[in-house]
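Here is how names work: the chains are called A, B, and so on, in the same order as the sequence lines, proteins then strands, and each is numbered from 1. All figures in this text were calculated on a predicted structure; none of them were measured in a lab.
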There are 2 protein chains.
Amino acid sequence: MPTTLTTSDRFPFDLVRPHLDKVETSIREQVRAFDPAVEPYVSYVCNTSGKRIRPALSILVGGAFGNLGEEQRKLGVILELIHMATLVHDDIIDGAVTRRMVPTANAKWGNGLSVLLGDALFSHALALATEFDDITICRKVGRASREVCEGEIVQTQRRFDLSLTKADYFRIIEMKTGALFAAATGIAAALSDADEATEQRLFNYGLRLGTVYQIYDDCLDLVGTEDAVGKTLRTDLEKGKLTLPILNLLESASEAQRTKLNKRIIEQEPLDLSVLVGIAEYEGAIESAVDTACRMLDDCREDLSGLPDNDFTAALHQITRFLGSLLEKCRR
Amino acid sequence: MPTTLTTSDRFPFDLVRPHLDKVETSIREQVRAFDPAVEPYVSYVCNTSGKRIRPALSILVGGAFGNLGEEQRKLGVILELIHMATLVHDDIIDGAVTRRMVPTANAKWGNGLSVLLGDALFSHALALATEFDDITICRKVGRASREVCEGEIVQTQRRFDLSLTKADYFRIIEMKTGALFAAATGIAAALSDADEATEQRLFNYGLRLGTVYQIYDDCLDLVGTEDAVGKTLRTDLEKGKLTLPILNLLESASEAQRTKLNKRIIEQEPLDLSVLVGIAEYEGAIESAVDTACRMLDDCREDLSGLPDNDFTAALHQITRFLGSLLEKCRR
């Protein structure tokens with residue numbers, strides 16, 4: 001039902017559901033590949049984290065090329081395992097106690113075991129990647145996972161750093177979030193024997209989509225409600241993460257306001273939301289971040305030009321509208 | 001000077017030094033591959049951790065087959081990066097503040113950044129492994145790194161667990177320490193086009209050698225002096241790690257002593273060394289662990305039978321004697 005899909009603003013899960021079910025089965029099979037003593041921990045993380053967005057993207061790109069086989073799903077499994085590993089480690093770093101309404105691994109078993117659990121997921125994912133016959137696929141997975149780790153480090157290192165530019169911010173979120181989205185779409189294209197230019201366009205689509213998704217997440221941290229989002233919010237401010245809306249705010253604040261903000265940042269004090277909403281341009285700062293993200297979604301749609309005209313390509317377009325509608329909800 | 005080498009009980013660093021220098025240069029080059037913001041952290045870890053035993057083993061095995069090229073060194077670099085990643089994460093888990101007389105990464109920059117730093121080293125190593133033309137090499141590296149992570153988890157999970165058998169202990173140390181030693185010697189043999197049976201024998205050599213090395217480390221934790229070893233000791237007892245000498249001790253303790261020990265273990269109280277040395281068989285427990293390890297070294301030497309007769313093969317033998325002499329020093 002392409003008409004329903006193209007007019008809907010929801011994530012096109014219906015189209016990928018049967019394939020995602022197989023991904024889920026495969027993730028469960030992977031769990032059994034671990035030492036029996038390790039299995040329950042891995043199983044818990046697999047059941048409680050990750051929204052399977054990356055596997056969905058691999059599947060949709062494969063579908064667009066009429067190539068919906070085992071390899072696309074395997075790529076999805078690998079990228080989801082890497083993503084889950086980063087979530088486990090992020091939760092340690094952020095001291096998060098719940099994710100998607102359930103206790104995090106660190107809350108349940110402590111930081112030590114969670115460090116190792118993330119490592120095991122990570123190494124298993126990369127061991128799985130070596131099962132592709134084509135080593136260039138494995139190479140691309142390896143590079144993407146390195147980018148994610150580096151992005152996380154740079155972000156952690158530059159907390160409370162007033163010299164952070166917007167270019168720095170974009171570089172960080174491209175690495176930490178864009179890289180795995182880009183791997184999902186770019187490698188899926190490579191697995192479908194797309195020519196180099198097409199692979200690059202799909203890589204760009206994923207990179208931009210991941211970047212927009214992160215901007216949305218950063219806006220949500222400021223304007224969302226915990227009940228609706230299902231995780232602790234306002235943590236970016238507390239942790240001194242200078243996200244796009246905050247950077248916009250610093251730009252547009254009056255001299256007195258900026259001094260006040262800078263002081264808190266330099267002293268590494270949690271940024272209080274009440275300080276921010278007091279700034280005349282607070283809403284403008286969110287608006288501007290949403291505008292930036294929406295413009296990137298236009299570029300995403302451009303990246304899809306030339307793909308075969310089918311339900312899967314339509315669904316890749318639909319995702320950009322889905323994200324667009326989420327972003328619109330962040331405006332006051 | 002093969003005579004000097006075969007009669008010496010030292011680690012045969014002289015023979016591998018020029019090659020290890022190249023490994024060192026290559027590790028430094030890898031550091032530059034990271035984002036400039038990440039580089040200083042990686043550089044610190046590369047300069048302060050890892051004894052380059054794994055690269056030395058790869059080089060010696062390559063040398064034994066007359067194959068001392070770029071690939072052997074690259075394998076060494078990859079395995080050392082994985083090893084360094086595990087050290088960074090171990091130090092977080094153990095709350096260690098110094099390693100090799102200098103502050104650990106977690107002591108310098110906190111647990112959060114150290115989690116990510118370990119991840120970055122790890123992912124870089126695996127990305128490097130994908131550069132081998134032969135995907136089976138990459139596959140073996142992936143598997144070894146997964147084993148290491150799983151070994152660490154099982155060890156962490158079974159602290160203070162009185163049902164731990166010696167078979168469990170051996171399985172854990174084979175995974176956490178043996179796997180990377182086995183990868184160093186086994187994969188180096190594969191890179192030298194050794195036949196399958198020879199590769200397997202060299203894999204076994206590494207696996208046993210790593211296991212013996214871990215038994216030595218476990219004895220040292222009980223009998224070493226911190227000045228001589230350069231790291232915090234008696235941590236196994238505090239952390240409830242039931243190592244081979246402790247398992248021997250539990251076996252040979254009187255009923256009253258065992259009850260006392262078990263009580264402390266069940267209550268997860270740090271095991272006090274004074275409780276242990278009070279047990280009549282304390283020295284016997286160390287002796288017995290040393291005996292076990294020495295028998296494994298005999299098997300290691302068996303594994304080397306059939307290798308070409310040259311200085312490198314002699315050095316592989318010498319390492320078993322070197323470890324043997326270290327073990328002897330643990331006897332009272």
Donor and acceptor N/O pairs, chain A versus chain B, under 3.5 angstrom:
unit_1, atom_1, unit_2, atom_2, d
Asp35(A), N, Glu150(B), OE1, 2.5
Ala37(A), O, Gln157(B), NE2, 3.0
His89(A), ND1, Asp119(B), OD1, 3.1
His89(A), ND1, Asp119(B), OD2, 2.6
Asp119(A), OD1, His89(B), ND1, 3.1
Asp119(A), OD2, His89(B), ND1, 2.6
His124(A), ND1, Arg146(B), NH1, 2.6
Thr130(A), O, Arg139(B), NE, 2.7
Thr130(A), O, Arg139(B), NH2, 2.9
Arg139(A), NE, Thr130(B), O, 2.8
Arg139(A), NH2, Thr130(B), O, 2.9
Arg146(A), NH1, His124(B), ND1, 2.6
Glu150(A), OE1, Asp35(B), N, 2.5
Gln157(A), NE2, Ala37(B), O, 3.0

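Heavy-atom pairs under 4.5 Å with chain B peak, among Val141(A), Val115(A), Ile82(A), at Val115(A). Ranking Val38(B), Leu117(B), Leu113(B) against chain A, the residue ahead of the rest is Val38(B), based on heavy-atom pairs under 4.5 Å. Each of Gly151(A), Gly142(A), Ala85(A) has some count of heavy-atom pairs under 4.5 Å with chain B, and the biggest count is that of Gly142(A). With chain A as partner, the option from Cys138(B), Ala144(B), Gly95(B) having the largest number of non-hydrogen pairs under 4.5 angstrom is Cys138(B). With respect to chain B, the highest number of heavy-atom pairs below 4.5 Å among Ala129(A), Gly112(A), Gly118(A), Gly110(A) belongs to Gly112(A). Ranked by heavy-atom pairs under 4.5 Å with chain B, the first of Leu121(A), Ile93(A), Val42(A), Ile92(A) is Ile93(A).
Between the CZ atom in Phe34(B) and the SG atom in Cys149(A) there is a gap of 9.0 Å [rounded to 0.5 Å].
When each of Val154(B), Ile153(B), Val148(B) is tested with Leu116(A) by the rule side-chain contact (heavy atoms from CB on, under 4.5 Å), just one qualifies, namely Ile153(B).
With a threshold of 4.5 angstrom between heavy atoms, Leu126(A) approaches chain B through side-chain atoms but not through N, CA, C or O.
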